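Values reported hereafter were calculated over all heavy atoms of this structure, with side chains retained and with hydrogens, waters and symmetry mates removed. Here the structure is a predicted model, which means the values were calculated and not measured. For the single chain, residues carry numbers from 1 onward in sequence order.
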Amino acid sequence: MSPDRDRRWLTRSAEALKRTNQRDELVAAAARLRRLLPGDDRYGDPLSTTGREPHALLGRTVSALGTDRPSAVREIGLGALQVWQALSEAQGRGHGDREVTILFTDLVGFSSWALEVGDAPAVELLRVVGIAVEGSVTEHSGRIVKRLGDGIMAVFDDTTEAVRGTLEAQRRLGELEVQGHRPRMRAGLHRGRPRRLGGDYLGLDVNIAARVADAAGPGEILVSEAVCGQLDGEAFPTGRGRRLKATGAPRDLRVHPLN
């Protein structure tokens with residue numbers, strides 16, 4: 001067989017395989033199979049493949065195979081990653097069946113100050129704050145979930161370590177100053193069972209933790225009663241509780257300032 005005939009044969013074979021791979025009935029069959037497999041059968045969308053875990057990186061790569069048209073190969077590949085993620089979660093890496101303590105922080109008055117001083121000092125402040133806060137979190141076995149402008153979301157397996165890490169972050173911030181500005185952090189902690197999806201956490205407990213942080217004052221750390229119930233009251237005294245009135249939070253949610 002001549003080289004030209006070889007190339008034509010390979011081209012025709014590739015086109016035939018592509019047509020077969022994109023046949024509607026095969027794609028539908030692969031999608032039905034995914035619904036029978038353990039895990040998230042919608043795995044592959046941007047929400048489920050965020051993060052830097054191996055399955056997320058592979059998921060984004062496999063998902064890109066079907067940007068022009070769905071294919072059976074894409075569905076089969078995502079199905080394998082779907083099972084992989086489900087097995088990982090079953091071994092204790094989150095799927096709404098593990099309790100974690102969720103932390104949200106932000107800097108009080110940062111936006112107004114940044115508008116006054118400009119970009120360079122604002123970026124410098126964010127750098128030193130990031131080192132102080134994120135270092136405190138990781139040193140106390142916390143995991144940074146995402147950075148939120150001038151704040152973070154983090155999770156901890158242990159509530160006591162979560163509180164210690166937050167207190168340490170607050171202490172370190174007290175030592176910082178950029179162009180005469182001393183940053184003040186507010187923080188909120190809540191204990192629950194959020195749904196882990198990709199590299200993120202979602203669900204009611206995440207919303208509650210965010211609302212708790214929003215309700216904190218400058219330099220204040222607020223904790224929900226779910227957190228209080230796991231703390232040594234003598235080691236970590238809290239102030240008088242109050243009902244938190246916030247959209248998206250349960251009506252009976254009570255919070256306490258950490259003294």
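Ile144 and Val163 fall within a single hydrophobic cluster, where Ile, Leu, Val, Met, Phe, Trp and Tyr are joined by side-chain heavy atoms under 4.5 Å apart, directly or via other members. Linking ILVMFWY residues whenever their side-chain heavy atoms come closer than 4.5 Å, directly or via other members, leaves Val227 and Tyr201 in distinct clusters. Cluster annotation: Val137 is not connected to Leu222 through the hydrophobic network of ILVMFWY side chains, with a link wherever side-chain heavy atoms come within less than 4.5 Å. Placement of Val145 and Leu148 within a single hydrophobic cluster is found when ILVMFWY residues are connected by side-chain heavy-atom separations under 4.5 Å, directly or transitively.
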Can you check side-chain contact (heavy atoms from CB on, under 4.5 Å) on Arg195 and Val206, steps first, answer last?
CA-CA 9 Å; Arg195 156 86 178 186; Val206 174; over 6 Å; no
In sequence, state the C-alpha distance, the side-chain angles, and the governing distance for Val223 and Val255, and then conclude on side-chain contact (heavy atoms from CB on, under 4.5 Å).
CA-CA 5 Å; Val223 298; Val255 295; over 6 Å; no
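In this view, Glu175 and Arg171 satisfy the salt bridge (Lys or Arg N to Asp or Glu O under 4.0 Å) rule, not counting sequence neighbours. Looking at residues two or more places apart in sequence or on another chain, you find a side chain to side chain contact (heavy atoms under 4.5 Å, CB included) between Asp158 and Thr160, Glu161. A search for side chain to side chain contact (heavy atoms under 4.5 Å, CB included) contacts involving Leu37 returns Gln82, Val83, not counting sequence neighbours. Annotation: side-chain hydrogen bond (donor to acceptor under 3.5 Å, both in side chains) contacts of Glu139 (sequence neighbours excluded): Arg172. With sequence neighbours excluded, the residues forming a salt bridge (Lys or Arg N to Asp or Glu O under 4.0 Å) with Asp157 are Arg98, Arg143, listed by chain and number.
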Give the table of side-chain donor-acceptor pairs shorter than 3.5 Å for residues 236-245, with sequence neighbours excluded, one pair per line with atom names and distance.
residue : atom : partner : partner atom : Å
Arg242  : NH2  : Ala215  : O            : 3.3
Arg243  : NH1  : Arg251  : O            : 3.1

Could you tabulate the donor-acceptor pairs under 3.5 Å formed by side-chain atoms of residues 99-113, not counting sequence neighbours?
residue : atom : partner : partner atom : Å
Glu99   : OE1  : Arg191  : NE           : 3.3
Thr101  : OG1  : Thr159  : OG1          : 2.8
Thr101  : OG1  : Arg191  : NH1          : 2.9
Thr105  : OG1  : Ile152  : N            : 3.3
Asp106  : OD1  : Arg186  : NE           : 2.8
Asp106  : OD2  : Arg186  : NE           : 3.4
Asp106  : OD2  : Arg186  : NH2          : 3.3

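In this structure, the separation between CG on Leu167 and CG on Asn259 is 10.5 Å, given to the nearest 0.5 Å. Between His181 atom NE2 and Glu177 atom CD the span is 9.5 Å, to the nearest 0.5 Å. Once rounded to the nearest 0.5 Å, the distance linking CG of Asp205 with CZ of Arg193 reads 9.5 Å. Distance check: Asp214 CG to Asn207 CG gives 10.5 Å after rounding to the nearest 0.5 Å. One distance of note links CD of Gln170 with CG of Leu258; it measures 8.0 Å at 0.5 Å rounding.
Annotation for Arg184 and Pro218: closest pair NH2-O, 3.4 Å, computed over non-hydrogen atoms. Pairing each heavy atom of Leu173 with each of Ala132, the nearest pair is CD2-CB, 4.3 Å. Residues Val212 and Gly188 approach most closely at CG1-CA, 3.7 Å, considering heavy atoms. Closest approach of Thr166 to Ala187, counting heavy atoms only: CG2-CB, 3.9 Å. Between Gly165 and Ser136, the shortest heavy-atom distance links the atoms O-CB, 3.4 Å. Minimum interatomic distance between Pro183 and Leu176 (heavy atoms only, all atoms of both residues): CD-O, 3.6 Å.
Contacts classified as salt bridge (Lys or Arg N to Asp or Glu O under 4.0 Å) and involving residues 216-237 (residues at least two apart or in different chains) are given here: Glu225-Arg254. Among residues at least two apart or in separate chains, there is no ring-ring contact (aromatic ring centres under 6.0 Å, His included) pair with a member in residues 119-173. Residues in residues 126-137 take part in these salt bridge (Lys or Arg N to Asp or Glu O under 4.0 Å) pairs, two or more places apart or across chains: Glu134-Arg147.
Contact check for Pro250 versus Ile208: side-chain heavy atoms found under the 4.5 Å cut-off. A 4.5 Å side-chain heavy-atom check between Val123 and Leu125 finds every atom pair outside the cut-off.
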